Amino acid sequence: MSEMPKGYDPKAVEGAIFSAWQAGGYFSAKIVEGVEPYSVVIPPPNVTGSLHMGHALNNTIQDVVVRRARMQGRPTRWVVGTDHAGIATQNKVEQKIAAEGKTRQDVGREAFIEECWEWRRLYGGTIIGQLKAMGCSCDYDNERFTMDPSYQVAVRKVFVDWFEKGLVYRGNRIINWCPRCSTALSDIEVEHEDVDSHLWHLRYPLKEPVGGIDHVVVATTRPETMLGDTCIAVHPDDERYKALVGSTVILPLVGREIPIVADDYVDPAFGSGAVKVTPAHDPNDFEIGERHDCAKINLMNADATIADEGGAYAGLDRYEARKRVIADLDAAGALVKIDEHVHSVGHCYRCHTVIEPWLSDQWFVDMKPLAAPAIEAVRDGRVSFHPKRWENVYFHWMENIRDWCISRQLWWGHRIPVFYCDACGWTGASMDDLAECPTCSAAVRQDEDVLDTWFSSQLWPFATLGWPDETPEDIAYFYPTNVLSTARDILFLWVARMVMSGMYFNEGTIPFDDVIIHPTVFNAEGRRMSKSLGTGVDPLDLMEHYGADGMRFGLMLQVTGNQDIKFAEDKLLSSRNFANKIWNASRFVMMNLEGFSAGEPVAETVADRWILSRLANLSAVVDEGLTAYEFGETARALYDFFWNEFCDWYIELAKSRLSGGNAEQRLAVQRILVYVLDTALRLLHPMMPFVTEEIWRNLPLAEEDRAPSLMIAPWPDSAELSRFADTGAEASIAAVQEIVVAIRAVRARYGVSPRTKLDVVVKAPEHEMLLVEGESALIRSLAGVGTLAVSPDAEKPAHSAVATAGSLEIYVPLEGLVDFDAERDRLGKEREKAGVELDRLNKKLGNEGFLAKAAPEIVEKDRARAAELTDALAVLDVQLAELA
RNA sequence: GGGCGAUUAGCUCAGGGGGAGAGCGCUUCCUUCACACGGAAGAAGUCGUAGGUUCAAAUCCUACAUCGCCCACCA
C-alpha cells in the first residue's frame with residue numbers, strides 16, 4: 001500500500017470495487033428473525049429511461065440512507081426495478097415500426113406486444129447499468145418489473161377486488177383525451193398551461209322574440225364546439241335573461257333549435273352572462289346538460305377531427321374547423337366581437353399535445369373511501385413527510401380527490417380483466433381468462449383497454465415483495481418500507497396512491513414511514529433540465545469528470561430542505577478535490593506506519609484529545625443529520641471535519657511526532673491517525689462509497705475491526721464516541737490555532753519564506769503561560785518558529801513586527817524588514833474594530849432590560865467577551881504607543 | 001382565485017433571536033519529504049423594502065416588491 005498512486009483516479013477504482021461488492025453478495029439482504037430490517041423501494045424508472053439529474057440526486061439520497069442502515073447491522077433491502085411505462089414504451093415501439101413504414105394496427109396487437117417485450121430486452125437494462133455506475137447498493141439479484149408474471153397477478157387481484165367491492169366502475173364521462181396518443185388520461189396526467197387566445201362573442205337568434213329581444217350573445221373560447229351546442233344557460237337571478245328562460249334559440253350554421261335554461265353554475269359577471277352548452281366537450285357543460293336533460297352530441301373523432309355529427313365540417317382537424325366556423329359565423333353576421341383572452345389549456349404529459357375533453361366510456365376508481373384512511377395516516381404521523389410542508393399539499397389534494405380514470409386505449413400494459421357476454425349481457429372481472437359466459441356459456445370477449453401505468457406502480461412497495469402470495473415471508477419482514485424518496489411531481493400520481501392501495505391491501509398498514517420530497521434539479525440558469533431542449537446535464541458526463549463519488553457528494557452538498565437546486569457544478573469540482581484530499585491524507589497515514597501495530601487509540605497529547613473530541617462531535621452531527629434527512633448539512637460537516645480539522649491541523653500537528661518522536665510516541669500517534677481515519681471513512685462511506693472502500697480495505701486494522709468490506713463494516717456508535725468529548729482540549733487547540741495564524745500572518749505580510757525560521761517572543765499573562773509553554777512544540781512546528789520565548793514581562797525586541805492573539809502580545813523580530821507605518825495602520829484598524837465591538841457589548845451590558853431578561857449564560861458570555869476585548873485593547877494600545 | 005418557496009459576498013448557496021459563513025471566483029506568497037484536484041495569508045456583504053414584536057431581529061410577525069413552483073370546473 002505504500003505505493004498508493006499520488007492522486008485518486010475514480011476510473012481505476014470504481015469498476016473493481018463494484019464487482020467486489022457484487023461478488024461479496026452485500027447487495028442482497030437475508031431475513032434475520034428478531035433483527036429490525038431496513039427496506040426501501042426505488043421509484044421505478046421508466047424502462048425507456050436513461051439516467052437524468054433527478055435520478056442521480058434521488059438515488060444518491062436513497063443509497064446514503066440504505067448504506068448507513070446496512071452498516072448499522074440491519075438486514076437491508078433496496079428493491080430495484082423498472083416500470084413498463086405504457087405510453088412511453090408504446091411510443092418508442094411505434095416509432096420503431098413507423099421507421100419500417102408500419103402502424104401498430106398493421107402489426108396487430110399480439111405481435112406489437114411482443115415487439116414491446118423485445119424492446120425491453122434490448123434497451124430496458126440501460127438505466128440499471130447506470131445505477132450501478134453510481135454505486136447504488138440496490139438488490140440487483142431480485143430486479144423487478146411492473147409486468148413480471150407475479151406482478152401481473154398482483155395487479156389483477158387488485159382490480160378484481162376493487163371491482164367486486166364496487167370501487168371500480170364503468171362510467172360514461174368527459175375524460176381527458178390525447179388525440180396523438182389516442183388514449184384517455186387521468187386528470188393529473190394533464191399539464192395546464194396559460195395560452196394567449198380569444199373570447200369569441202356569438203349572436204344566437206331567438207326563434208320567437210321575447211319582450212322585444214330577438215337574440216342572445218354567448219362568449220366562448222372554443223367556437224368550433226358550437227356545432228354541438230344543445231342548450232344556452234343563464235343564471236336564474238339574472239334580470240337580463242329571466243324572461244328568456246324556457247324560450248328557444250336557433251343555432252347558427254346548424255339550424256338546431258335549443259332551449260335556454262337557468263343554471264346556478266353561470267357567472268352573470270363573466271362575458272355576456274349567457275353560456276353556450278356543449279355537453280360532450282366540456283366537463284361543466286356536461287354537468288349542466290345532465291341537470292337539464294340536454295342531448296350530448298359527440299362532435300369529435302379520436303384523432304380530433306370533426307365527426308359526422310359536424311355536418312359540413314366533418315373530417316376537418318379541430319383547428320381548421322375552428323377557422324371555418326368563425327369565418328362562416330362572421331359571414332352569417334353571427335360574430336359580434338373578438339376579445340383577447342388568456343386561458344389555461346391542458347396538454348398531454350407524455351407528448352404535450354393539446355388535450356380534448358371527450359365523452360367516452362371508461363373505467364374509474366371511486367377514490368373517496370380509499371383516501372380517508374390515507375389522510376388519517378399522515379394526520380396522525382404514521383407517515384411523515386420531509387420537509388413537512390408537503391403534508392399540506394397532500395392533504396389538499398386528498399381532501400378534494402376526484403375519481404380516477406384508469407382505462408387506457410393502449411396495447412402495452414395490464415389488460416383490463418373484465419369480460420363481456422354479448423349474448424346475455426353478463427359482465428364480470430376475473431382472475432383467470434374466461435372463454436365462455438358463466439351465466440349462459442356463450443363466448444365472451446375481454447375488455448380491449450389496458451390499465452393506467454400508475455395503477456400498477458401504486459402497488460410497487462408490496463407487489464415487489466411478492467404480494468399476494470409469491471413470497472409472503474418477504475412481505476411480513478420487509479413491509480412496511482422505511483423511507484420513500486422521490487420528486488415532488490409524482491406526489492399525487494404515485495406517492496398518494498401507494499399510501500391508499502398499500503393500506504387497503506395490507507390491513508391498514510402504511511407502505512412507508514417517511515417520505516422524502518427532494519429538491520428539483522434545475523440547470524445553472526434555473527430552467528428545467530430537458531433533453532429535448534438541450535438544457536440538461538448528463539450524470540454520466542459528470543461521473544466521467546468528477547468520479548461517481550465527486551458527483552454524489554457534490555449533489556449532497558446542494559440538498560437543503562426548502563430550496564430547489566440550481567445545479568452548481570463547482571460543488572462537484574470541490575467534491576472531486578475532496579475525494580482526492582481523502583485519498584492523499586490516507587496515503588500520508590499509510591506512508592508513515594513503520595513500526596505500527598494495531599491497538600486501542602490512547603490520547604497522549606492535547607492534540608490527540610482535541611481530534612478525538614472533534615471526531616465524536618462529527619459522529620453525532622452525522623447521525624442527527626442523516627436521521628433528519630438533512631443531507632446538505634451532513635455533507636458539509638464531513639467536509640469541514642476531514643479537510644479543515646483532520647488534514648489542516650491534526651495531520652500537521654502529528655508530523656513532528658511521527659518524524660521526531662521515539663518509537664512509543666510514534667506508535668501512539670499512528671494509532672490515533674488510523675483510528676480517526678477509520679472512523680471518518682465509515683462516516684463518509686454512504687456518500688462517497690468508492691474512494692472510502694478502496695482506502696479502507698487497505699487500512700491496517702486489528703482483526704476484530706476488520707470486515708470483508710467497508711460496506712458492511714459497523715457504523716460508528718456516536719453514543720460510545722461521546723466519551724471522547726473534551727471541551728478543555730478544544731479550547732486549548734483553538735488558542736494554539738489563533739497564535740499560529742497570527743504568526744503566519746506576520747510571515748505573509750512581510751513575505752518571509754516558509755523556510756526561514758522565525759524567533760518569536762510572546763508576552764503572556766500568568767494564566768496563559770501554561771498553555772503557551774505546554775504547546776510550544778506545536779506552535780513552533782506549525783508556524784515555522786525557531787525559538788519561542790514566553791514570559792509575563794517580555795520586552796519587545798527591536799525591529800519587531802507585532803501581532804496579538806487575545807491577551808497575548810506576539811513579537812516577531814524582523815531585522816530591517818518592518819514597515820512601521822503599515823504596522824501602525826493595521827494595528828489601528830484592529831483597535832478600531834475591537835473598540836466598536838467593545839462599545840456595543842458595554843452598551844448591552846449597561847442595559848437593565850438585557851441584564852434582567854436575557855439568559856444568564858448569554859450575559860456571562862458577553863461579559864467574558866468584553867473582558868477579552870478590554871485586554872486586547874490594552875495590548876493594542878501599548879503596541880500603538882510604541883510605534884508612535 | 002387559493003397555496004408554497006426564495007430574495008445573505010462577483011456567482012451558486014448554507015445559517016435561522018444574542019460575535020455575518022462555505023464552495024467557486026478574485027489578490028499576494030509558496031513546487032516545504034500526503035495532496036498544486038495542494039498549502040499559507042487576504043480583499044469582499046447597510047442579510048429585498050417598509051413597518052411591528054423583543055432587553056436584543058439577517059433570524060419571529062405583518063404588508064409590499066420581485067422571481068419560481070403547485071392547485072382550481074378562468075364559458
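Note that the coordinates shown come from a computational prediction; the quantities given were computed from them, not determined experimentally. Throughout, a chain's letter reflects where its sequence line sits, starting with A, and its residues are numbered from 1.
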Engineer: Between B:G10 and B:U46, how far is it from one P atom to the other, in whole Å?
Structural biologist: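 Roughly 8 Å separates the two P atoms.
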Engineer: Pick the closest RNA chain B nucleotide for A:Val190 and for A:Ser272 by heavy atoms, then say which residue is nearer the 5' end.
Structural biologist: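 Closest to the 5' end, via its nearest nucleotide, is A:Val190.
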Engineer: How would nucleotides 36-43 of chain B be written as a contact map, 5' to 3', with B for base contact, S for sugar-phosphate-only contact and - for no contact, using protein heavy atoms under 4.0 Å?
Structural biologist: SBSSSSS-
Engineer: Just the rounded figure in Å: distance from C1' of B:A57 to CZ of A:Phe850.
Structural biologist: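 It is 15 Å, rounded to the nearest whole Å.
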Engineer: Once you apply a heavy-atom cut-off of 4.0 Å, does A:Glu868 come out as touching a base, just sugar-phosphate, or nothing?
Structural biologist: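 Result for A:Glu868 = nothing.
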Engineer: Enumerate, in order of first residue number, the stems that involve RNA chain B, defined as 3 or more consecutive Watson-Crick or G-U wobble pairs with both distances under 3.5 Å.
Structural biologist: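 Stem list for RNA chain B: B:1-7 with B:65-71, B:10-13 with B:21-24, B:26-30 with B:38-42, B:48-52 with B:60-64.
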Engineer: Whole Å only: how far is the NZ atom of A:Lys833 from the C1' atom of B:A20?
Structural biologist: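 So the NZ-C1' distance, A:Lys833 to B:A20, works out to 11 Å.
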Engineer: With sequence neighbours excluded, tell me which residues meet ring-ring contact (aromatic ring centres under 6.0 Å, His included) with A:Trp696.
Structural biologist: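 By the ring-ring contact (aromatic ring centres under 6.0 Å, His included) rule, A:Trp696 matches no residue at all.
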Engineer: Which residues satisfy the salt bridge (charged side-chain N to carboxylate O under 4.0 Å, His left out) test with A:Glu544, sequence neighbours excluded?
Structural biologist: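 A:Glu544: salt bridge (charged side-chain N to carboxylate O under 4.0 Å, His left out) contacts with A:Lys11.
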Engineer: Using the P atom as the reference point in each nucleotide, state the distance between B:U53 and B:G21 in Å, no decimals.
Structural biologist: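 Straight-line distance between the two P atoms is 30 Å.
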Engineer: Could you pull out every donor-acceptor pair under 3.5 Å between side chains of residues 547-562 of chain A and any protein atom, sequence neighbours left out?
Structural biologist:
unit_1: A:Asp549; atom_1: OD1; unit_2: A:Phe690; atom_2: N; d: 3.2
unit_1: A:Asp549; atom_1: OD2; unit_2: A:Phe690; atom_2: N; d: 3.3
unit_1: A:Asp549; atom_1: OD2; unit_2: A:Val691; atom_2: N; d: 2.7
unit_1: A:Arg552; atom_1: NE; unit_2: A:Met687; atom_2: O; d: 3.2
unit_1: A:Arg552; atom_1: NH1; unit_2: A:Asp63; atom_2: OD2; d: 2.9
unit_1: A:Arg552; atom_1: NH1; unit_2: A:Met134; atom_2: O; d: 2.8
unit_1: A:Arg552; atom_1: NH2; unit_2: A:Asp63; atom_2: OD2; d: 2.8
unit_1: A:Arg552; atom_1: NH2; unit_2: A:Pro686; atom_2: O; d: 2.8
unit_1: A:Gln558; atom_1: OE1; unit_2: A:Ala568; atom_2: N; d: 3.0
unit_1: A:Gln558; atom_1: NE2; unit_2: A:Gly554; atom_2: O; d: 3.1
unit_1: A:Gln558; atom_1: NE2; unit_2: A:Ala568; atom_2: O; d: 3.3

Engineer: Using the C1' atom in both, what is the distance from B:A65 to B:G17, to the nearest Å?
Structural biologist: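 To the nearest whole Å, 26 Å.
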Engineer: Among B:A34, B:G18, B:G23, which nucleotide has an atom closest to any side-chain atom of A:Ile651?
Structural biologist: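 Minimum distance to the A:Ile651 side chain belongs to B:A34.
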Engineer: What string of B, S and - do you get for nucleotides 3-17 of chain B 5' to 3' if you count protein non-hydrogen atoms under 4.0 Å?
Structural biologist: -SSS-----BSS---
Engineer: Taking the side chain as every heavy atom from C-beta outward, state whether A:Tyr650 and A:Val676 have any pair of such atoms under 4.5 Å apart.
Structural biologist: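 A side-chain contact under 4.5 Å is absent here.
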Engineer: Roughly, in whole Å, what's the span from CG in A:Leu199 to P in B:C74?
Structural biologist: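 Distance check: A:Leu199 CG to B:C74 P gives 14 Å.
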Engineer: Checking contacts here: which listed nucleotide (B:C35, B:C69, B:C74) is nearest the side-chain heavy atoms of A:Arg488?
Structural biologist: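 Nearest to the side-chain atoms of A:Arg488, counting from C-beta on, is B:C69.
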Engineer: Does the side chain of A:Tyr394 pick up a donor-acceptor pair with the side chain of A:Glu399 at under 3.5 Å?
Structural biologist: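 No, A:Glu399 and A:Tyr394 have no side-chain donor paired with an acceptor closer than 3.5 Å.
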Engineer: Given that A:Val218 and A:Ile188 both sit by RNA chain B, which one's nearest nucleotide is further toward the 5' end?
Structural biologist: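 In this pair, the answer is A:Ile188.
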Engineer: Could you work out the separation of B:C47 and B:C55 based on their P atoms and round it to a whole Å?
Structural biologist: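 After rounding to an integer number of Å, I get 23 Å for this pair.
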Engineer: Scan residues 639-653 of chain A for pairs that pass salt bridge (charged side-chain N to carboxylate O under 4.0 Å, His left out), counting only residues two or more places apart or in two chains.
Structural biologist: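 Output for this query lists A:Arg614-A:Glu645, A:Glu652-A:Lys655.
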Engineer: For residues 546-556 of chain A, which residues have at least one heavy atom under 4.0 Å from RNA chain B?
Structural biologist: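 None, since no heavy atom is under 4.0 Å.
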Engineer: Restricting to pairs with a member in residues 571-580 of chain A, which pass salt bridge (charged side-chain N to carboxylate O under 4.0 Å, His left out), not counting sequence neighbours?
Structural biologist: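 Passing the test, one end in residues 571-580 of chain A: no pairs.
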Engineer: Enumerate, atom names and distances included, each donor-acceptor pair closer than 3.5 Å involving a side-chain atom of residues 858-867 of chain A, sequence neighbours excluded.
Structural biologist:
unit_1: A:Asp862; atom_1: OD2; unit_2: A:Lys844; atom_2: NZ; d: 3.0
unit_1: A:Arg865; atom_1: NE; unit_2: A:Glu837; atom_2: OE2; d: 2.9
unit_1: A:Arg865; atom_1: NH1; unit_2: A:Glu868; atom_2: OE2; d: 3.3
unit_1: A:Arg865; atom_1: NH2; unit_2: A:Glu837; atom_2: OE1; d: 2.9
unit_1: A:Arg865; atom_1: NH2; unit_2: A:Glu837; atom_2: OE2; d: 3.3

Engineer: Which residue, A:Val622, A:Ile611, A:Val621, forms the side-chain contact (heavy atoms from CB on, under 4.5 Å) with A:Phe641?
Structural biologist: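 Of the listed options, the one satisfying the test is A:Ile611.
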Engineer: Using atom P of each nucleotide, how far apart are B:C26 and B:C69 to the nearest Å?
Structural biologist: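 Taking atom P in both B:C26 and B:C69, they lie 33 Å apart.
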Engineer: State whether A:Lys833 and A:Glu830 are salt-bridged, where the test is any N-O pair (Lys NZ or Arg NE/NH1/NH2 against Asp/Glu carboxylate O) under 4.0 Å.
Structural biologist: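 No, this pair does not count.
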Engineer: Tell me what A:Phe522 touches on the nucleic acid: a base, only sugar-phosphate, or nothing, going by heavy atoms under 4.0 Å.
Structural biologist: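 Nothing, no heavy atom under 4.0 Å.
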Engineer: Could you list all the side-chain hydrogen bond (donor to acceptor under 3.5 Å, both in side chains) pairs where at least one residue sits in residues 271-283 of chain A, not counting sequence neighbours?
Structural biologist: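 Found A:Thr225-A:Lys276, A:Asp229-A:Lys276, A:Asp229-A:Thr278, A:Lys276-A:Thr278.
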Engineer: Begin with the C-alpha distance, continue with both residues' side-chain angles, and end with the deciding distance and a verdict on side chain to side chain donor-acceptor pair (under 3.5 Å) for A:Glu189 and A:Tyr349.
Structural biologist: CA-CA 6 Å; A:Glu189 287 169 305; A:Tyr349 84 133; 2.9 Å; yes
Engineer: Suppose we call a contact any N or O donor and acceptor under 3.5 Å apart; does that hold for the side chain of A:Ser344 and the base of B:C74?
Structural biologist: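 Under the 3.5 Å cut-off, the side chain and the base do form a donor-acceptor pair.
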Engineer: Is it true that A:Glu391 and A:Arg389 make a salt bridge, defined as a side-chain N closer than 4.0 Å to a carboxylate O?
Structural biologist: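 No, this pair does not count.
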Engineer: For A:Phe522, give me all partners under ring-ring contact (aromatic ring centres under 6.0 Å, His included), at least two apart in sequence or on another chain.
Structural biologist: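 Testing A:Phe522 for ring-ring contact (aromatic ring centres under 6.0 Å, His included), a comparison that skips the adjacent residues, returns none.
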Engineer: Given B:A34, B:C71, B:G23, identify the nucleotide with an atom nearest to the side chain of A:His396.
Structural biologist: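 Comparing B:A34, B:C71, B:G23 against the side chain of A:His396, the answer is B:C71.
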Engineer: Using atom CG of A:Leu493 as one end and atom C1' of B:C71 as the other, report the distance to the nearest whole Å.
Structural biologist: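 That distance rounds to 14 Å.
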Engineer: Taking only the C1' atom of each, what is the distance from B:A43 to B:A58 in whole angstrom?
Structural biologist: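 The same atom, C1', in both gives a distance of 22 Å.
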Engineer: In plain terms, say whether A:Asp339 and A:Lys337 are close enough for a salt bridge, that is, a side-chain N and a carboxylate O under 4.0 Å apart.
Structural biologist: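 A:Lys337 and A:Asp339: salt-bridged.
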Engineer: Rounded to the Å, how far apart are A:Arg587 CZ and B:A34 C1'?
Structural biologist: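 Result: 5 Å.
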Engineer: For B:G25 versus B:A9, give the span between their C1' atoms, rounded off to a whole number of Å.
Structural biologist: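 Each nucleotide's C1' atom is 11 Å from the other's.
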Engineer: Can you confirm whether the side chains of A:Tyr546 and A:Glu569 place a donor and an acceptor under 3.5 Å from each other?
Structural biologist: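 Indeed, the side chains of A:Tyr546 and A:Glu569 share at least one donor-acceptor pair under 3.5 Å.
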Engineer: Students often get this wrong, so: under 4.0 angstrom with heavy atoms, is A:Val589 touching a base, only sugar-phosphate, or nothing?
Structural biologist: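 If one applies the 4.0 Å heavy-atom cut-off, A:Val589 turns out to touch nothing in the nucleic acid.
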Engineer: How many whole angstroms separate atom CZ of A:Phe395 from atom C1' of B:G2?
Structural biologist: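 After rounding, the gap between these two atoms is 18 Å.
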Engineer: Which value, in whole Å, describes the distance between the P atoms of nucleotides B:U59 and B:G51?
Structural biologist: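 It works out to 14 Å between them.
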Engineer: Mind calculating the distance between CZ (A:Arg402) and P (B:C71) to the nearest angstrom?
Structural biologist: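 About 11 Å, once rounded to whole Å.
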Engineer: Expressed in angstrom and rounded to an integer, what is the separation of A:Tyr241 atom OH from B:A75 atom P?
Structural biologist: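 About 17 Å, once rounded to whole Å.
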Engineer: How would you label the contact of A:Ala852 with the nucleic acid (heavy atoms, under 4.0 Å): base, sugar-phosphate, or nothing?
Structural biologist: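 Answer is nothing: A:Ala852 stays at 4.0 Å or more from every strand.
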Engineer: For the side chain of A:Ile858, counting heavy atoms from C-beta on, which of B:G18, B:G19, B:A34 is nearest?
Structural biologist: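 The listed nucleotide nearest to A:Ile858's side chain is B:G18.
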